[in-house]
Structure formats: C-alpha cells, structure tokens
A.B. asks: 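Starting off with a structure, shown below.
Proteins get letters first, then strands, A, B, ... in listed order; numbering begins at 1 in each. All figures in this text were calculated on a predicted structure; none of them were measured in a lab.
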Amino acid sequence: MDQLISAILIGLSQGAIYSLMALALVLVFRSTRVINFAQAGQAVVSTYIGWEVVTRTGNYWLALPIAAIAGAIVGAAVESFLMRPLSKRASKGAIAPVASVILTLGLLGVLHSGAAIIWKGDQKLLESPVSAMGITVGETVYPFSQTDFLIIGTALLVMLTFSFIFQKTNLGLALRASAFQPEIARLSGVRVDRIRAIGWAFAGAAGAIAGVLVTPGSALSPNSLDLLLVFGFVAAVIGGLESLIGAALGGILLGLTLSFVGLYVGTSLTFVVPFVILILVLLIKPSGLIGGRKSRNA
Amino acid sequence: MMRFTRSKIIGFATVAAAALAVSTLPAQAAVNETQGVTATQITLGISQPTNGPASYGYNKVAPAMDAYFKYVNANGGVNGRKIKLIIKNDGYKVTDAVNKTVELVSRDKVFALVGSLGTANNIAVSNSPAIDLAGQKIPSLFVNTGFSGFAKKSDFPTMFPLFPSYYMETKILGGYIKDNFAGKKVGIIYQDDDFGDDALAGLKQAGVTIAPGASISYASFSQSVATATTWVTKLKTAGAEVVIFYGVTSAAAFALRVAAGAAYKPQWIIDSVGGDATTLGLLGVTPAVLDGAITTSFLPAATDSADPYVKLFKTINTKYNVAGTVWDNNVLTGMNTAMMTVAALKAAGKNLTRSGVIKAIETQGKTFPSASLAQPQFSTTSHVGYNGFWIGTYDSTATLKPEGGKYKIYTTDSASGDVKVSTWKRPAMPAKGLPK
Amino acid sequence: MHNHRAKRLIGFILLGFVLFLIGNRVDDLRLYQGASVAMYVIGIASIVLLTGFSGQISLGNGAIMALGGFSATLAQSTWGLPLPLTFVVAVLGAALFGLILGVAAARLSGPYLAGATLALAVALPSLANQFSFLGGEQGLQFNSGSAPEFFNGEVSQYKWFFWISALAALLITWLISNILQSRYGRGWRAVRSNSTAAELVGIHSARSKVLAFTLASGIAGLAGAVLALNLGGVSPSAYPLSLSFALITGAVLAGISTLSGSVIGALLLVGMSELVGSLTSRFSLEDVLAENLKELLVSVLLILAVVFTPNGPGDRIRERKELHKKKK
C-alpha cells in the first residue's frame with residue numbers, strides 16, 4: 001500500500017514538470033503550428049540565469065520569477081527575429097513542412113553550445129528553498145517532500161493562470177483568434193504578429209519555470225533539460241497538441257506511468273516507456289487524447 | 001538486355017583494374033615504437049569525462065595529473081624530456097572515447113595513453129580495430145577503473161590497471177560485512193554494466209547474499225532524484241539494513257540524499273570510486289548525511305595531512321594545478337597515477353620505446369614508488385596493480401577514519417583467493433616525490 | 001532512359017575508382033574520416049529519401065541505424081555470417097522495422113510523427129540495457145576482420161574500412177539515385193506536393209509513404225552497420241539523439257531533396273570536426289571549448305541554411321540561373 005502511494009506521489013510530482021514543458025510546447029504549437037525544440041535550450045538558458053540569481057543572492061524565490069521573465073524575453077525574441085522571417089521565406093519546396101522543426105533544432109544547438117561556452121559544461125547545483133525531506137504521516141515517511149509540493153503547486157498555478165488568461169481575458173481571445181484564423185483576426189484589428197510573440201513569451205516562461213523546478217532534483221548542465229523536452233513533447237503529443245488540458249493530462253499520465261513502471265519493474269525502462277505510451281495513444285487516437293476537435297476552447 | 005551486358009563489362013573491367021592497382025600498393029607501416037617521443041618531449045594522451053553527469057569529481061583527475069607532470073618537468077623531466085599531456089573529453093560515452101582516442105593516436109600522435117577512465121570505454125578502445133591498441137603496442141597505462149578483466153595480460157597486452165579491482169573490493173567488503181554485520185539484510189545499488197557486474201561477482205565470492213528485492217541496478221546516466229527515490233523505496237520495502245552502493249559519485253549522491261530525505265538510514269557502504277566526501281559534498285551530501293558511511297581506499301585519506309605524499313601533492317596542487325582547485329581524493333588519485341607513470345617512463349630508460357615501457361612495468365613495477373598503501377603487483381605474467389584496500393568510516397565532519405585508527409590493508413585477488421591482512425610497509429617517499 | 005542509366009552507372013564506377021586511388025594516397029586519420037564520411041552519406045541519404053522526397057519527418061533515424069548496427073553484430077556472433085551478409089541482415093532488419101513503423105507513421109501527420117520518432121530515438125538504444133544479449137552500456141563487439149590474405153597484409157585496417165565503407169556508400173547511392181528517378185521517386189514527389197492530386201492520378205498515398213519509410217530505414221540500417229564496422233562494435237552511446245539530429249543537419253545544409261547533397265552534407269559534418277580538431281591541436285585550445293565552438297558553428301550554419309537556402313545552395317543557384325535566363 002505504501003508502495004502504491006509512493007508511486008502515485010512520485011508520479012504526480014514528476015508529471016507536473018512534464019505538464020509544464022508540454023504546456024510550453026502546446027502554447028507555441030497552437031499559435032504558430034511550430035514544434036519548438038529549442039524550448040530545451042531556452043529553458044536551460046533561463047535556468048542558468050535563475051542559477052546566477054540564486055548564487056548571487058541566495059534567494060530561490062527571487063530566481064524563479066526572474067528566470068520566468070528571462071524565458072519570456074528569450075521566447076519573444078526567438079519568435080520575432082527568427083521564426084517570423086523564416087515563415088515568410090521557406091514556404092515552398094521540399095523543406096516547407098519540416099523547415100520550422102529544423103530551424104528550432106538549429107536554435108537548440110546554438111543555445112546548448114552558447115550556454116556551455118558561457119557557463120562551462122560542468123554540473124551546477126541548484127538547491128531547493130524548502131526541505132527535500134520526506135513527509136511523515138503517522139509512522140511512515142513518504143518520498144514526498146515540501147519541494148514536491150512546491151513543484152505541483154507552482155505547476156497548478158501556472159496552468160490555472162494561463163487557463164484564465166486564455167478563457168477570460170481579451171488577450172486570451174486575441175491569442176486564440178490569431179492561432180485559429182490569423183487573417184480574420186488581423187482584419188478585426190488584432191496585431192497578430194505581436195500577439196504571436198506574446199504566445200511564445202508565455203511558452204518561454206512556462207519552460208523556464210519547469211527548468212528551475214526540476215533542477216534541484218538533478219543537476220544543471222547545458223544538456224540537462226533535453227530529456228525533459230522529449231518527455232514534455234511526448235506528454236504534449238499524448239494530450240493532443242491542441243489543448244492546455246491535454247498537455248496537463250498527458251504530463252500527469254506520463255509521470256504516473258513512469259513512476260509505476262520504475263517502482264514495480266525497474267528504472268532501466270525509463271527511456272522506453274514514453275515511446276510505448278506514445279505509440280499506444282497514437283494508434284488508438286492519432287490526434288492525441290484531446291486532439292482533433294474543431295472548436296478550440298482551452 | 002543490352003544495358004545489362006554493358007554494365008557487366010564495365011563492372012568487370014573495374015574489378016580487374018582494381019586488382020592490378022592493388023598489387024602496386026605500398027607496404028603497411030610497421031609498429032612505431034617511438035611515436036610521440038622526441039629528443040625533448042614525451043606526448044601522452046588521456047580521454048576522460050570533462051563534462052556530463054559522470055564527470056563530477058572525475059574531471060579533476062586529468063588536470064591533477066597534468067599538475068604533477070608540470071612539477072616533474074620543472075625538476076629535470078624524465079631522462080631529459082618534458083612530458084606533455086593532451087586531455088580529451090569523452091563525456092563517459094563509449095563512442096566518444098573511441099573517437100577521441102583515435103584522434104590522440106592518429107592526429108596528436110601520442111606515445112601512450114594514461115589514466116583513461118571508464119570500464120566500458122576502455123573495453124571499446126581496446127576492441128577498436130582502428131586504434132589497434134595491441135597491434136601497435138600502444139601502452140594504456142594505469143587506466144582509471146577497477147575492472148578486474150584488464151589485468152589479464154593475454155586479453156589486454158598493453159593495458160595496465162592500477163587500482164585494485166572492484167572484484168577485490170567487494171570481496172574484502174563482503175568479508176567485512178560477514179564479520180561485522182552478520183545476520184543483517186544486505187541490499188545493493190549498482191551500475192548496470194561491467195562495473196556493477198564485477199562488484200556483484202566479488203560479493204558472491206565472499207559469500208554474501210543479497211536480500212530478495214534489494215538488488216537494484218540502474219542504467220548509467222539515468223540517475224536523478226526520481227530514480228533514486230525508486231531505489232530507496234524498494235530498499236525500504238525489502239528491509240535492507242546494510243546497503244552497498246556501486247556506481248559513480250553523482251549517483252551515490254542522489255542515493256544518499258534521497259535516503260536521508262526519506263528518513264531511511266541503513267549502513268551505507270560506498271565504493272571507493274564514488275565515495276569521495278568533497279565531491280559528494282559538492283553534490284549536496286552534507287557531513288550529517290555522510291556520517292557513519294563506510295568506504296574504502298588504497299591511498300592515504302585525503303585529509304591525512306601527516307602523510308608525506310599528501311603534504312607534497314597538496315603543495316603541487318596549489319603551485320601547479322588550475323587556480324582554485326580544491327584538494328580532494330580525486331586530485332590525490334590523479335597525482336598518484338601521474339607519479340606511477342613517471343616512474344614507468346624513467347625505468348624504461350633514455351631509449352624510450354613502447355615495448356620498453358611495457359617491459360619496465362612488468363619487471364620493475366613492484367618497486368615503483370607511489371602513495372599507495374598496498375603494494376603494486378605488476379609482473380611478467382599478470383598486469384594486476386594494487387591489490388588491496390583499507391576500510392574506513394566517515395565521522396560527523398566528513399573525515400574518513402580508518403578502522404581501528406591505523407591503516408589496515410586487506411589484500412586479495414580477483415579470483416577465489418582468500419582475503420589476507422597485508423604486512424607490507426610502504427617504502428619512504430623518494431626525495432622531492434620524484435621517482436628515480 | 002537507357003543512356004541515362006548507363007551514364008549514371010559509369011559515373012559511379014569512375015567515382016569508385018577515384019576514391020580507390022585517393023584511399024591509397026592519404027594517411028590513416030584521413031582514411032578513418034573518409035569512412036565516417038561514407039557512413040554519413042548513407043545516413044543522410046536516408047533522410048533525403050524520407051524527408052526530402054517523401055516529406056515525412058523522422059527525428060529517429062539514428063535509432064534505426066542502431067537497429068542495423070545491432071542486427072549486423074548479432075548476425076555475426078549468432079550465425080557467424082561473413083561481413084557482406086551481416087550488412088545485408090542489417091538492411092533487411094532495419095527495413096522490416098521501417099515497414100512496421102511506416103505503417104504506423106502513415107497515419108500520423110507532421111508534428112505527431114516528429115514526436116513519435118523523437119521518442120523512438122531515445123527509447124531504442126536504451127533497450128540494449130534491458131536484454132543482456134544486447135550487451136548493455138558497453139555494447140557488443142563487431143569483428144570487422146581485416147583485409148583478406150589476397151592483399152598480403154599490405155592493407156591496413158584503416159584502409160580496409162575505408163574501402164568497405166566507401167563501396168557500401170557508392171552502391172547504395174547508386175541504387176537510391178535509380179529509385180529516385182523511377183516512378184516511385186516521382187510518386188513521392190507528387191504525394192509531397194499535393195497528395196489529393198496524386199491520388200487522382202492513381203498514386204496510392206499511404207502505400208507510397210510506407211514504401212519510403214521501409215526503404216529509408218533499410219538505408220539507415222546500412223549506415224548503422226558501417227558505423228559498427230568502423231568502431232569495431234555497437235553500443236547505445238554510438239547512436240545518441242545527436243546522431244539523428246546530425247543526419248537532418250547534414251541533409252538540410254546541402255539540400256534536403258538532392259542526393260548529391262548527402263555527400264556535401266557528410267563532408268561538411270566530418271569536415272567541421274576535423275577543422276575544429278586541428279585548430280585545437282594547433283592553438284592548444286581546450287577540447288571541450290572546441291567541441292562547443294563546433295556545435296555553435298554548425299547550428300548557426302543550419303539556421304542560415306534553413307532561412308536563406310531552404311532547399312539547398314544548389315537550388316538557390318538554380319533559381320538565380322533561371323532568373324538570369326528570364327532576363328535575357
């Protein structure tokens with residue numbers, strides 16, 4: 001019984017992080033139909049900035065929002081200066097369907113190597129501001145700490161905030177309109193280009209937060225968020241790439257599956273599980289769990 | 001039909017021409033015994049993880065070696081030649097290790113490899129037909145790994161391990177467990193490759209049984225808080241009271257931290273490779289968490305400032321190493337390996353050749369000076385280096401205290417031989433720490 | 001038609017001869033690099049076919065290479081097959097996998113396919129840790145053999161690998177160029193441009209996609225076997241995620257829909273490493289810094305290539321020529 005509870009707790013905590021990364025990817029995909037592989041690089045650079053803040057001020061709570069802002073700025077910059085010029089040029093020929101993917105791959109490489117040159121490739125540590133000790137309930141100590149609460153809490157907060165923005169604000173309306181029907185949105189007076197950049201900024205912030213949350217549990221190096229990207233991407237695809245809820249669901253599902261498999265079978269299957277889940281979901285529903293709906297509500 | 005015939009004719013013509021050309025080929029280059037040796041310089045190469053999850057701590061070894069070499073160069077060099085060490089990064093990955101070693105051998109034209117790190121990496125390098133370690137007689141000196149197989153001269157003719165093997169270590173630890181923790185449930189976390197397999201074999205030889213459900217392997221590179229949490233949860237469920245850890249330092253750190261976080265405090269026994277307090281400390285393992293953990297070493301404790309080698313190496317570290325390098329077990333290990341290397345090169349004489357170095361180690365290796373408290377065992381029939389460890393326990397200040405207060409070296413072999421307490425006394429350090 | 005095929009064949013044979021002569025004149029390091037180039041040529045060609053012609057993105061061809069490499073190695077150790085046959089096993093094994101994958105992939109559109117192949121790239125090599133007969137992290141040894149007695153021990157290992165790799169690359173590119181010029185190639189281009197129109201003309205879109213996946217996988221499998229040959233073994237770390245990315249990079253840098261581009265792409269990839277390597281030696285740069293500079297440079301080139309010459313420099317040049325013609 002304890003094992004079961006442990007598995008669930010671990011799965012939720014990890015799943016929350018995957019959801020955040022999935023969220024970042026879905027945000028970008030909805031607004032520009034691009035899979036942003038550079039998200040791993042953007043997030044890692046933002047996390048390094050967060051690390052700098054922690055190292056200089058010793059204050060994690062300060063680092064988190066600063067990293068998020070850095071992520072937002074980087075995201076907006078990437079969209080405005082890189083993705084937009086590209087989409088105008090490479091719209092014909094063999095490469096059109098994959099041009100944006102490859103562009104983001106190139107950008108990922110630039111961010112990787114840039115981070116490695118600036119901060120060196122060795123592992124850096126980021127300590128959690130709250131205890132990483134397991135919580136005691138009665139007589140059992142569970143492998144769930146205040147840090148895990150922080151992770152889940154922050155992820156929830158981010159998702160609710162974005163949900164609110166998308167559903168209840170004019171900005172959100174503009175974001176959805178620009179993604180769904182850019183021409184009509186433009187005719188209605190929406191500054192589509194600027195709105196798109198804002199979408200990317202949100203995504204960048206989400207990725208940065210995911211990076212800063214996950215790093216205390218491992219170590220920071222230029223490549224440390226690559227696997228998170230893969231897992232986040234798988235989670236996003238499982239969820240359907242279209243909805244924020246899908247991203248959250250996909251992340252939790254992936255997290256839970258990984259922790260159950262890890263606990264009951266073995267952790268050497270860590271890299272195989274995402275692929276298996278992905279194939280299963282796509283075989284049953286090729287556009288993901290919540291994908292394929294014509295109307296996009298959330 | 002016409003097409004076919006014409007193609008066929010052209011095809012045959014090509015093959016015939018090729019056969020003609022082949023017969024005029026120049027002969028293959030013979031073994032270059034003195035590649036990398038000039039009148040003034042000896043070029044050595046090392047492939048190790050400068051970055052990546054396995055680099056923590058280990059990336060200090062090569063610069064430490066370089067520092068010692070610089071010290072030697074400043075004090076007359078090796079028979080009049082200065083040593084140049086080329087350091088390449090392989091991130092602990094097998095393919096990168098092979099590619100970087102190809103570069104070292106073919107482009108940088110090194111005389112020998114030293115201190116190459118990683119069991120899997122060294123096996124791949126030795127298997128690589130492109131490098132042709134055995135055929136080209138390239139010495140791979142004092143590899144930074146404890147895999148027992150490397151000592152077998154027939155399999156690895158030019159390779160010399162230095163550290164006692166993991167097999168030896170776990171046999172010794174196994175005996176220690178049986179003497180001191182009889183009746184307790186034993187668990188193990190090990191890296192999922194030859195590293196871990198060697199360890200398991202030694203434990204088995206010592207007669208230690210792992211409690212059911214408490215034998216946990218992890219794939220290298222998969223270590224993180226999440227995976228460590230699974231390890232710890234399983235061990236707790238199995239009720240393991242003594243847990244052996246056999247893997248790299250960064251993984252050990254996760255295991256220790258997560259266990260402490262879950263209020264799980266078994267008797268930790270950490271392998272010598274992953275048990276350096278300073279490195280663990282940098283990875284978030286506080287002295288309080290490390291308190292009481294057992295580990296082994298064949299060198300004097302890095303904190304033992306009374307030891308002459310430790311004193312000298314510390315000054316070399318300050319003077320010749322990269323500014324700001326914190327002294328720890330890794331620096332000590334690196335300098336020790338470098339010292340052995342210099343001893344071997346000097347013993348090979350002024351007419352330095354690859355075969356010469358190999359022969360020198362086989363015939364004179366037992367007398368090479370080093371900081372080790374176990375005697376090197378190099379011989380013409382076996383390439384085994386050091387063959388023993390002392391066992392120590394960390395106190396509350398992360399200082400490793402040898403059992404019983406004095407260094408008690410247990411020696412054994414990588415087979416079915418018994419574990420004995422060694423009576424060998426380490427000879428005095430040569431003047432200025434320079435081998436003759 | 002007749003003349004084209006014969007001309008192409010002669011061209012390839014001449015190329016082979018030139019490579020042979022070059023192989024006799026250069027030193028070991030160049031031969032090793034040459035073998036690497038050959039390996040990349042084959043691997044990039046698989047991307048050219050799959051993505052450039054058939055328009056399906058795969059971020060996991062490195063994993064399929066792994067499949068080929070492991071198949072070849074296992075074929076050798078289990079059945080004792082000679083070298084050429086192990087390569088055949090690699091191709092067939094990978095192609096079979098590609099067939100299965102292709103059937104699944106045909107239902108997936110761009111980003112979903114990208115996701116699936118990305119997960120594959122990470123999952124497949126790690127399987128080696130699951131089953132002990134796959135060797136785990138340190139992998140399995142591949143006996144590359146040496147030049148047969150026929151050559152009297154006058155051919156070094158490096159040269160032998162170079163010949164085999166180059167021969168494999170030549171053969172496969174000749175085969176691919178024939179396929180691309182055939183009706184299958186035209187079918188892929190048709191489906192890529194406008195699948196509805198293609199269907200109307202009688203080209204079965206899904207079937208053509210699956211065929212492309214199968215063939216591309218077989219080709220990637222061969223590349224994996226060549227890599228196993230050069231390394232003397234296979235292991236998960238020989239086929240990392242970055243390999244899959246490198247294949248795409250190489251394909252895009254030189255023109256994703258031109259087969260000759262795969263040669264240029266391969267040369268660029270290996271050439272960059274070489275450039276950086278010699279600069280490191282020359283200026284005693286730190287190894288890691290050099291690696292990062294190389295990655296930075298290649299990534300910047302990739303971005304520039306995608307933004308300014310998305311269909312390859314050759315295409316850009318062709319466009320200019322056409323413009324000039326029109327002006328006249």
Side-chain angles (χ1 to χ4, degrees), chain A residues 29 33-35 37 82 85-86 89-103 105-117 120-121 222 226-227 229-231 233-234 236-238 240-241 266 268-279 282-283 286-288 291, chain C residues 48 51-53 55-57 59-60 104 107-116 118-127 129-130 189 192-193 241-242 245 248-249 251-252 255-258 288-289 291-308 310-312 315:
Chain A
F29 186 73
R33 306 220 73 84
V34 165
I35 304 285
F37 282 107
L82 215 54
L86 168 75
R89 283 175 192 266
S91 45
K92 52 177 165 50
I95 202 171
V98 300
S100 53
V101 168
I102 298 177
L103 184 67
L105 281 178
L107 186 58
L108 180 63
V110 169
L111 289 167
H112 264 165
S113 43
I117 292 177
K120 303 288 186 285
D226 291 357
L227 267 182
L229 177 76
V230 175
F231 285 9
F233 190 22
V234 170
V237 174
I238 291 174
L241 279 178
S268 24
L269 281 172
T270 311
F271 300 127
V272 181
V273 165
F275 179 67
V276 172
I277 306 181
L278 187 63
I279 289 293
L282 288 180
L283 278 177
S287 42
Chain C
V48 168
T51 311
F53 274 75
Q56 303 183 76
I57 181 146
L59 297 173
R107 306 173 64 193
L108 300 174
S109 59
Y112 297 98
L113 183 57
L118 181 65
L120 180 70
V122 171
L124 208 53
S126 79
L127 274 180
N129 281 320
Q130 274 310 97
R189 267 179 291 174
R192 190 192 72 216
S193 321
L241 189 55
S242 51
F245 288 178
I248 298 185
T249 306
V252 172
I256 201 167
S257 53
T258 62
V288 178
L289 180 63
E291 285 176 346
N292 290 324
L293 281 175
K294 173 197 129 187
E295 194 187 347
L296 186 63
L297 197 59
V298 171
S299 306
V300 169
L301 276 179
L302 182 61
I303 295 177
L304 289 175
V306 172
V307 174
F308 292 110
N311 293 307
D315 201 65

A.B. asks: Tell me, side chain or backbone of I248(C) under 4.5 Å from chain A's heavy atoms, or both, or neither?
C.D. replies: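 For I248(C), side-chain heavy atoms alone lie under 4.5 Å from chain A.
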A.B. asks: Of the non-hydrogen atoms in S299(C) and G106(A), which two are nearest, and what is the gap between them?
C.D. replies: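 What the structure gives for the nearest pair is CB-O, 3.2 Å.
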A.B. asks: Quick one: does Y112(C)'s side chain have a donor or acceptor within less than 3.5 Å of a partner on I238(A)'s backbone?
C.D. replies: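 Such a contact is absent between Y112(C) side chain and I238(A) backbone.
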A.B. asks: Go through the atoms of I35(A) and report whether side chain, backbone, both or neither lie under 4.5 Å from a heavy atom of chain C.
C.D. replies: side chain
A.B. asks: For L227(A), is it the side chain, the backbone, both, or neither that has a heavy atom closer than 4.5 Å to a heavy atom of chain C?
C.D. replies: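 Contact with chain C is through the side chain of L227(A) alone.
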A.B. asks: Would you mind telling me which of A236(A), P222(A), A116(A), P274(A) has the largest number of heavy-atom pairs within less than 4.5 Å of chain C?
C.D. replies: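 Option with the top pair count is A116(A).
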A.B. asks: With a 4.5 angstrom heavy-atom cut-off, could you sort out which part of I303(C) is near chain A: side chain, backbone, both or neither?
C.D. replies: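 Looking at I303(C), backbone and side chain both touch chain A.
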A.B. asks: Which heavy atom in G114(A) sits nearest to a heavy atom in L296(C), and how many Å separate them?
C.D. replies: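 For G114(A) and L296(C), the tightest heavy-atom pair comes out as N-CD1, 4.4 Å.
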A.B. asks: For F231(A), is it the side chain, the backbone, both or neither that has a heavy atom under 4.5 Å from a heavy atom of chain C?
C.D. replies: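 Answer is neither: F231(A) stays 4.5 Å or more from chain C.
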A.B. asks: For residues V237(A) and G115(C), report the shortest heavy-atom separation together with the two atoms involved.
C.D. replies: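 That closest heavy-atom pairing would be CG2-CA, 4.4 Å.
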A.B. asks: With side chain to side chain contact (heavy atoms under 4.5 Å, CB included) as the test, would you mind laying out the steps for F275(A) and V122(C) before giving the verdict?
C.D. replies: CA-CA 8 Å; F275(A) 179 67; V122(C) 171; over 6 Å; no
A.B. asks: Of all of I117(A), L111(A), V234(A), which one pairs up most often with chain C through heavy atoms under 4.5 Å apart?
C.D. replies: I117(A)
A.B. asks: Nearest 0.5 Å please: distance from the OG atom of S113(A) over to the CG atom of N292(C).
C.D. replies: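 Rounded to the nearest 0.5 Å, the OG-CG separation comes out at 6.5 Å.
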A.B. asks: Which answer fits L124(C), side chain, backbone, both or neither, if we ask what part of it has an atom under 4.5 Å from a heavy atom of chain A?
C.D. replies: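 No part of it gets close to chain A.
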A.B. asks: Does a side-chain heavy-atom distance below 4.5 Å link L108(A) with F245(C)?
C.D. replies: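 Yes, close enough: below the 4.5 Å cut-off.
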A.B. asks: Find the one option among L302(C), L241(C), L120(C) whose heavy-atom pairs under 4.5 Å with chain A are most numerous.
C.D. replies: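 Max contact count across the listed options: L120(C).
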A.B. asks: How long is the straight-line distance from CG of L283(A) back to CZ of R107(C), given to the nearest 0.5 Å?
C.D. replies: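 Going from CZ on R107(C) over to CG on L283(A), the span is 6.0 Å.
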A.B. asks: Atom CG in D226(A), atom OG in S242(C): separation rounded to 0.5 Å?
C.D. replies: 9.5 Å
A.B. asks: Which distance, rounded to the nearest 0.5 Å, do you find between the CG of L127(C) and the CZ of F271(A)?
C.D. replies: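 L127(C) CG to F271(A) CZ: 11.5 Å, rounded to 0.5 Å.
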